[in-house]
2 protein chains.
Amino acid sequence: MSRCSMVRHAGGTRRRLQALSRERIIEASIDLLDSSGEDGLTFRALSERLSTGPGAIYGHIPNKSELLIAACDSIVARALNVSSAGATPEATIRGLALRLFDTIDAHPWVGSALSRAPGRLPMVRILESIARPVCALGVPDEEQWATVGALLNYILGVGGKNAANGQLARTLGLDRSDFLGSVSAAWSELDPAEYPFTQSVAGQLLTHDDRADFLAGIDLILRGIDSSRRSRAAKAGASRR
Amino acid sequence: MSRCSMVRHAGGTRRRLQALSRERIIEASIDLLDSSGEDGLTFRALSERLSTGPGAIYGHIPNKSELLIAACDSIVARALNVSSAGATPEATIRGLALRLFDTIDAHPWVGSALSRAPGRLPMVRILESIARPVCALGVPDEEQWATVGALLNYILGVGGKNAANGQLARTLGLDRSDFLGSVSAAWSELDPAEYPFTQSVAGQLLTHDDRADFLAGIDLILRGIDSSRRSRAAKAGASRR
DNA sequence: GCGCCGATGGAACGTCGTTCCAATGTATTG
DNA sequence: CAATACATTGGAACGACGTTCCATCGGCGC
């Protein structure tokens with residue numbers, strides 16, 4: 001193929017036009033994941049999109065698991081790269097939570113990728129972003145881990161559930177509301193004696209606002225944090241007088 | 001093989017001794033998942049353990065995804081089949097949370113199986129178990145979904161993260177504390193300017209008590225619920241006088 | 001005792017992640 | 001500028017997977 005030609009690069013290591021690179025591979029992976037879902041990321045489909053063979057990719061990425069983590073990290077880093085200067089810690093947490101919620105909604109595969117890479121860079125980024133405003137709220141050291149954990153798991157849990165719904169709907173060839181409709185119908189047919197709560201919310205499943213419910217949960221946790229702060233302040237005040 | 005012989009069964013449908021059945025398949029699947037992890041469940045390994053061929057299993061189970069959900073449901077049902085009569089709603093929630101935490105710890109694959117089956121029976125069981133004491137706490141209808149969601153996602157999130165740690169450790173051939181040690185070491189080497197919180201908790205990772213931290217998070221959410229209740233009661237009292 | 005029919009289990013198919021290696025094209029050397 | 005050294009490439013091949021298919025078999029009704 002004569003379309004290949006040499007190129008002088010500042011760093012000097014790049015060889016060809018359109019040369020394979022970690023960045024190009026990750027970008028193509030994200031495209032593939034967004035357009036074809038979690039199962040759409042395949043070394044064959046990826047190599048075809050990059051006009052190369054499956055083996056070539058292994059020169060830049062050690063394996064599929066690392067590729068998924070890298071793609072995930074790229075999305076997460078983009079989502080968290082927003083300044084929230086001047087906002088209250090509560091508003092920062094709410095904004096952060098919504099941004100993550102929307103990100104996972106737009107890239108459903110990110111949710112499950114995160115849960116399969118505990119302690120890795122994308123997760124650490126999120127941990128850190130949540131911890132900063134939590135510390136700003138004055139949560140004492142010994143409660144920080146539990147507090148951050150509560151927020152982190154709630155955010156990723158709800159986001160992931162939403163994403164799982166979307167993924168499953170895609171797999172079944174339904175759109176989102178059709179899928180929720182089928183779940184709602186299945187819930188309605190449960191034994192009311194054994195599953196009273198599930199039955200009663202079956203109807204809400206179709207009409208409720210996911211984002212609003214999500215925020216209500218965040219506020220619930222924030223109230224718990226505030227309640228701890230108040231009781232701590234009261235105790236300190238009592239012992240001081 | 002002459003070890004097969006007929007058997008008279010009350011219902012009359014069973015044909016052979018050791019006949020294949022949904023129950024036997026699920027039981028064997030749980031054994032396999034417990035002993036060899038999430039990747040250990042294979043139709044080949046399963047059929048070998050059941051002394052049959054891979055094709056025979058499809059007479060009782062539609063596909064692998066359903067098999068995993070069924071195995072998961074079996075474990076979840078067992079975990080939730082405990083009476084908590086006489087306990088306060090708070091104590092019931094705490095007990096339920098700990099039981100789920102320990103169950104996922106003992107069967108790490110349950111965590112990821114749950115996250116891949118939103119709205120299915122095992123998830124509904126858990127939803128219902130959490131909703132019952134939440135309703136008993138007097139949470140009003142419009143807040144129930146968010147409240148139950150906060151608890152549910154926190155419990156499954158922390159449990160799942162724990163489980164993921166265990167799974168990953170197994171895959172890497174390390175035991176749990178060695179794995180946590182390697183994560184802790186990786187976190188320690190992060191840029192302190194960019195990841196101050198993560199760095200500061202890196203040390204705690206090895207020494208902290210997972211269950212205690214988990215319960216602290218549950219209490220945080222319970223405090224949030226209680227705080228909502230109090231402010232609602234205050235408002236009602238003010239408008240009444 | 002015989003034939004029927006569902007249950008069975010092993011072979012086979014297509015796809016996956018991954019490995020391997022000959023061929024390619026770039027950089028360095030003489 | 002020609003020849004060599006070497007990293008990158010890409011396509012073939014491997015083993016394992018989920019799933020399908022169908023010849024065979026075993027228990028039941030006649």
Side-chain angles (χ1 to χ4, degrees), chain A residues 1-26 28-29 32-33 36-71 109 113 116 171-172, chain B residues 1-25 28-29 32-33 36-71 109 113 116 171:
Chain A
M1 304 301 162
S2 61
R3 65 182 155 81
C4 287
S5 64
M6 74 190 74
V7 55
R8 290 234 155 261
H9 193 271
T13 63
R14 290 226 186 129
R15 312 289 173 85
R16 312 174 183 184
L17 263 168
Q18 291 268 84
L20 225 45
S21 72
R22 194 180 148 90
E23 289 72 30
R24 252 173 43 87
I25 292 174
I26 290 173
S29 300
L32 222 40
L33 286 162
S36 318
E38 203 162 353
D39 300 334
L41 179 59
T42 286
F43 275 84
R44 282 173 236 276
L46 190 56
S47 62
E48 190 180 354
R49 190 171 279 229
L50 292 167
S51 314
T52 180
I57 296 169
Y58 283 85
H60 304 264
I61 301 278
N63 54 53
K64 184 173 182 178
S65 167
E66 293 297 321
L67 175 58
L68 195 63
I69 292 175
W109 50 272
R116 250 172 285 164
T171 302
L172 270 56
Chain B
M1 301 301 162
S2 61
R3 65 183 154 79
C4 289
S5 64
M6 72 190 76
V7 57
R8 291 236 156 258
H9 193 269
T13 63
R14 290 223 186 132
R15 310 290 174 85
R16 313 175 183 185
L17 262 169
Q18 292 271 84
L20 224 44
S21 73
R22 195 180 147 89
E23 289 72 30
R24 251 175 41 89
I25 293 174
S29 299
L32 222 40
L33 286 161
S36 317
E38 204 162 352
D39 301 333
L41 181 59
T42 287
F43 276 84
R44 283 174 234 276
L46 190 56
S47 62
E48 191 179 354
R49 189 171 280 229
L50 292 167
S51 313
T52 180
I57 297 169
Y58 283 85
H60 305 265
I61 302 278
N63 54 52
K64 183 172 180 176
S65 167
E66 293 298 321
L67 175 58
L68 195 63
I69 292 175
W109 50 273
R116 251 172 283 164
T171 303

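Side chains are part of it too, since the values below use all heavy atoms of this structure and drop only hydrogens, waters and symmetry mates. Chain letters run A, B, ... following the sequence lines, proteins first and then strands; every chain starts at 1. Small disclaimer: the values here were computed from a predicted structure and weren't measured.
Contacts of L50(A) with the nucleic acid, taken as non-hydrogen atoms under 4.0 Å apart, are absent. Residue L67(A) is classed as having no contact, given no heavy-atom separation below 4.0 Å to the nucleic acid. Across all strands, G59(A) comes closer than 4.0 Å to no nucleic acid atom at all (heavy-atom distances).
As rounded to whole Å, 17 Å separates atom C1' of dA11(C) from atom CZ of F43(B). The CZ-C1' distance, from R24(B) to dG9(C), rounds to 14 Å in whole Å. Rounded to an integer number of Å, the gap from R44(B) CZ to dA12(C) C1' is 10 Å. Rounded to an integer number of Å, the gap from CD1 of I25(A) to P of dG10(D) is 11 Å. Separating the CD atom of E48(B) from the C1' atom of dC17(D) is a distance of 15 Å, rounded to the nearest angstrom. As a whole-Å value, the separation of I61(A) CD1 from dG10(D) P is 16 Å. The nearest whole Å value for the distance from the CD1 atom in I57(B) to the C1' atom in dG10(C) is 12 Å. Look at CG on L46(A): it is 10 Å from P on dG17(C), rounded to the nearest Å.
For dT8(C), neither phosphate oxygen OP1 nor OP2 lies less than 4.0 angstrom from any side-chain nitrogen or oxygen of T52(B). H60(B) has no side-chain polar atom (N or O) that falls below the 4.0 Å cut-off from OP1 or OP2 of dA7(C).
If you find the closest nucleotide of DNA chain C to D39(A) and to A56(A), the one lying nearer the 5' end belongs to D39(A). Place A45(B) and L20(A) on DNA chain D by their nearest nucleotides, and L20(A) ends up nearer the 5' end.
Judged by distance alone, with hydrogens and angles left aside, the side-chain atoms of S47(B) form a donor-acceptor pair with the main-chain N or O of R44(B) at under 3.5 Å.
The CG atom of L41(A) sits 4.5 Å away from atom CG of L33(A), with the distance rounded to the nearest 0.5 Å.
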Stepwise side chain to side chain contact (heavy atoms under 4.5 Å, CB included) test for N63(B) and E66(B): CA-CA 6 Å; N63(B) 54 52; E66(B) 293 298 321; 3.4 Å; yes
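Within a 6.0 Å radius of CZ in R24(A), more than 12 heavy atoms belonging to other residues, nucleotides or ligands are found.
Partner of S29(A) under the side chain to side chain contact (heavy atoms under 4.5 Å, CB included) criterion, chosen from L46(A), L50(A), I61(A): L46(A).
Between dG11(D), dC16(C), dG18(D), one nucleotide has an atom nearer to the side chain of P54(A) than all others, and that is dG11(D).
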